[in-house]
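Working notes for the structure below.
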Amino acid sequence: MASLPEPIRLEIFAELARHFDAVRWEEISSPAATEMYDRFVKDPKIGGRLARFMPTEKIRPWIKDGPAKQYRRALEGVGPMAQITTREYPGPQSVVRLAMGSGWTLRAQTLDVKPMRCLADGPNSESAFITWGPMSALQGMVWHACLRRAESESQLITIAVTKPNTAPLLDDDWHLALSLATILRARCEQVTYTVSRKATASSRTV
Amino acid sequence: MTETETRPGTLNLTPSPRILEMIAEVDLQLHQCLCELIDNCLDELVEATRVDETLEPRIDVTLPTASKVNRGAKVVVSDNGRGMSPAELRYALSAGTSGKQRFGSLGLFGMGFNIATARLGTVTEVRSGRRGDDQWITATIDLREMQRRSSYEVPLRYERKDPDEHGTLVSVTNLREDVVVKLKSSSSIREVSKNLGRIYTYMLRDPDGPHSGAQLMGGLNQRLYVNSRQVPPLVPCIWDPTRSVMYKAAEAPAAKQIHVPLTNAFACMNCGRWYTSRYDRCVECESTEIQERERRIVGWLGVQRFADKSDFGLTFLRSGRAITTRDRSLFDWEGPDGDIELEYPIELGMGRIVGEIHLDHAPVNVRKTNFDTSSPEWRYMVEKVRGHLPLRPQLAKRLFNRENDSPMSRFFNAYRENKPGLRYLMPGNGNTAIHNEAKRWAQKFRSGDPEYQTDDKWYEAAADHDRVKNGPPPEPAPPSDEDDWLKGEGLGHLGTAADDGHGPSPSQDQKQPEPAAETRPETEEQRFARYREHATLLPDTDREVRLGTAQAVLRVYVTSGVELLKDGQRQPAVVRIVAGEVEIYVDSGTTLIARYGWSPLNVALVCAASQLKSVYSVSGSIDGLVTSILEQFPDRRVDSSAVRSRAEMLLEGLRDRLADLTSKDAATFWSALSGQSKRAAESYAIAVAPDVDWKAAVENGEFARYLGVEGVLDLVTSGPELVLDGGLFRTTYAALGEETQADQVARVSAFLTDLKRMVTGPPLQNTLELSRLLLTADLLDAEIVQA
């Protein structure tokens, strides 16, 4: 089978991004996501076009491991899909500021994903490791905080639990995150991290 | 001290703060309390998204879960709107001062807010902040504390906030005991979510969504979450506005917009009194705050893709919030004597007329569970949408000498019947309407399955019903040589279109396998593809069925014009089982169908049963297997109530049509009736309309409305020339010879005798007889002249 030509790949990315934007993909439960993958495979504009370049059974993993994961990163402004989406998070610098304070800045080239994490520099030349994500990603964030702590006893570490609105986290969730962070001698913050529509896009998402 | 100094000049009637707790005695359900808070959020977000296209609006409701709820738990409603300044917050929280409560927007933070929060619990916090502010401002309304201090003053608190954050959050705690009990039920959160999806259907749905009728129905694309789960709007499942049926020789579309502009009016923002002309000062409360408001009645009427006993009717909305749903009051007709008669639905109690009417200017009750139906605003809407005359045209003509020409009347008349097929846009299986199946598809529509968003599936099922029932439409014959001159003149469209009856047309010949093809072995794949080309799928199959302990997708196709072969022998049905899918092809020309009236599904199951039994290792008898499959098709069940409803519909139609005839020549028709039929009609008339003027009814022909089947039978036997030949029945009569005339009378009489059995006999249990009577009903229906 011929390899997937770049223009077609981009068109399929755009079509998927359109769907992801419309359903707010980052909020989708896993059963709903499973159902949507099935639809994408059947969709002539997505699965139908991919079928010319890959065996049918490869289409679903291609979408799931490629564009679907890219989309979450794209919301953070990272990766090839970032230019295509019509929605975005305020971005890593915003989390650094909200979690650490206004004097802190993201250190270039240290941004990594899954979970989102980076190093940040403070106003008094101190540096900190910061990892962020929703409550559902707490396990990954704690694991990466552990890795940092194993590397260095003195490293400042912040775990920022994001929430999609200004309402505080549920008490039980917040206590769990705080307790885990305390074990690691890490700070824990909750930050409002809301997706907004890109100004240049039409206010209609689909 | 003088006497005047001791006597106060005024009395302070400020009520005790206890009144705030007392008002919580208003009976509001949990979701209704939340609605009062959500209304505020939507009010803000609709405006906020209008001015800021980057805002992705969201409202989050957080409810304590069943395992965690106690009186100290919190109910939280928050939005990401623009937030309030301290002054705005103070104004918003003062009980009953909000002018918005009565007019225009949803928001109220007035009485509704106070009632709702007090109903949930005794301590309410309202936290708000705007973009750019560096502090949240929080007001705490503690009803018990206010009572204790006998003061309406509430403390304010300030907390640090990021300047980017904005929005308003209301949290209620110290929950009332009954709220805790309610939340302890594991289903309560699901129920709340479902109710909110129904109430805010318009607010939450996408006007550009993929569902049929999306743009006609509109929507505001807002988002609401309960415990982080999106609340899906309950979107009406209607036919596309481009679908239509014929009514009175014109197309009656399946969905239509309602737009009634009203003159602007002037509303007192203080007490809510309306004025048709401008006033400087309210005569009711003397307020000078009188504003001009735009008023209009907008919305749509449509036909649902499935009929149901309870799931139909209209939704009335105020400022985007559904106040009443599945409302049937517009199907009622109030007679001159004040009696209310329900005019719709008429058949089997199954209805499918739906719609949404926005009445932003009409008053609602305190709980917002109904409009004030005695208000002039409501009554005017009824007049415009439904009219005051009966929806039934014959009755309207008889009583008022004119028909109801309202939008509702047109829908009622075009879609009153739920007969399967395209004529009434109703999915069927070749035998009956498939109400259960159509409703099952609607569930898929509601769960967001993309294949069920448009009405294609339902439309195909209505078209397939006609195809299975009537056979495929005749293939247009290619123009014959004789037509060539027409073509030459540019008039080719006038050429012969139908088969001339002399054997198969050339086009049908072309569909047969070419002789050369027979010499080449046909693969099984090709053979079944060929069957499918000549087949119609039975619309209610194509679904999973249980076969013993296994599940398989069953599809039954009815073929015509193709021979079904197995081992070179022609078969009535052939079966193909591949990867959990069972396809059965049934020849529509097979004797059981063509001569014995078996349904194709029955033939399919009987022919395939032994094969299914062995492939799926089903224990028990063949009969047991066939029965267990048929039980999974409730639409196919024949019961006595279905037969009786069908018969009553037919009789009603006969009376309507007959009343047209008798009104022109009452005496002749009356004299053709037997004494017994006359007496029966009179007794029936007195039973259903005690104040009927029977003498007048006999003279003006109205007696026809009360005739029993016996009476119609009298007319057919004693006065066939009155009712045959296109009078009441299409049956040809006058032009025939004497013997044939007698046959015709006997034929119609036989149908009517069956009809009598259906309407008046004891309930039938014998399924074969029920099926036979339903067939008679079909035959009789085809014989009756349509209005």
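What you see is a predicted model; the values in this text were computed from it and never measured. As a basis for the values below, the full set of heavy atoms in this structure was taken, side chains included, without hydrogen atoms, waters or symmetry mates. Chain letters run A, B, ... following the sequence lines, proteins first, then strands; residues in each count from 1.
- Side-chain contact annotation: A:Ser196 with B:Glu56, donor-acceptor N/O pair under 3.5 Å absent.
- In terms of heavy-atom pairs under 4.5 Å with chain A, the best-connected choice from B:Pro450, B:Gly448, B:Ser78 is B:Pro450.
- Other residues, nucleotides and ligands contribute more than 12 heavy atoms inside 6.0 Å of the CD atom of B:Gln551.
- The list of salt bridge (charged side-chain N to carboxylate O under 4.0 Å, His left out) pairs with a residue in residues 95-111 of chain A, not counting sequence neighbours, reads A:Arg97-B:Asp162, A:Arg97-B:Asp164, A:Arg107-A:Asp121.
- At a 4.5 Å heavy-atom cutoff, the contact between B:Pro57 and chain A is made by backbone and side-chain atoms alike.
- Heavy atoms closer than 4.5 Å to chain A are found in the side chain of B:Leu169, but not in its backbone.
- We find that B:Lys194 and B:Glu191 are not joined by a salt bridge, their nearest charged nitrogen and carboxylate oxygen being 4.0 Å or further apart.
- Sorted by first and then second residue, the pairs that involve residues 74-113 of chain A and meet ring pair (Phe, Tyr, Trp, His ring centres under 6.0 Å), not counting sequence neighbours, are A:Tyr89-A:Tyr193.
- Using a 4.5 Å cut-off between heavy atoms, A:Ser102 makes no contact with chain B at all.
- Within residues 226-235 of chain B, no residue has a heavy atom under 4.5 Å from a heavy atom of chain A.
- Judged by distance alone, the side chain of B:Arg205 and the main-chain N or O of B:Met217 form a donor-acceptor pair under 3.5 Å.
- Listed options A:Glu27, A:Glu88, A:Arg24 were ranked by heavy-atom pairs under 4.5 angstrom with chain B; first place goes to A:Arg24.
- Using modelled atom types and a 3.5 Å distance limit, the side chains of B:Asp449 and B:Ser447 yield no donor-acceptor pair.
- Relative ring orientation between B:Tyr452 and B:Trp441 is described as tilted, the plane-to-plane angle lying within the 30° to 60° band.
- Within the 4.5 angstrom heavy-atom criterion, no atom of B:Lys161 approaches chain A.
- Looking at B:Asp142 and B:Thr140, their side chains never bring a donor and an acceptor atom within 3.5 Å of each other.
- With 3.5 Å as the limit, one finds a donor-acceptor pair spanning the side chains of A:Thr192 and A:Lys163.
- Using non-hydrogen atoms only and a strict 4.5 Å limit, the part of residues 58-67 of chain B facing chain A consists of B:Arg58, B:Asp60, B:Thr62.
- For A:Phe20 and A:Phe40, the ring centers are positioned less than 6.0 Å apart.
- A salt bridge does not link A:Glu15 to A:Arg49: none of the charged side-chain nitrogens sits closer than 4.0 Å to a carboxylate oxygen.
- A salt bridge between A:Asp21 and A:Arg18 is absent, with no side-chain N of the basic residue lying under 4.0 Å from a carboxylate O of the acidic one.
- Both the backbone and the side chain of A:Pro164 come within less than 4.5 Å of a heavy atom of chain B.
- Only the side chain of A:Asp172 comes within contact range of chain B, judged by heavy atoms closer than 4.5 Å.
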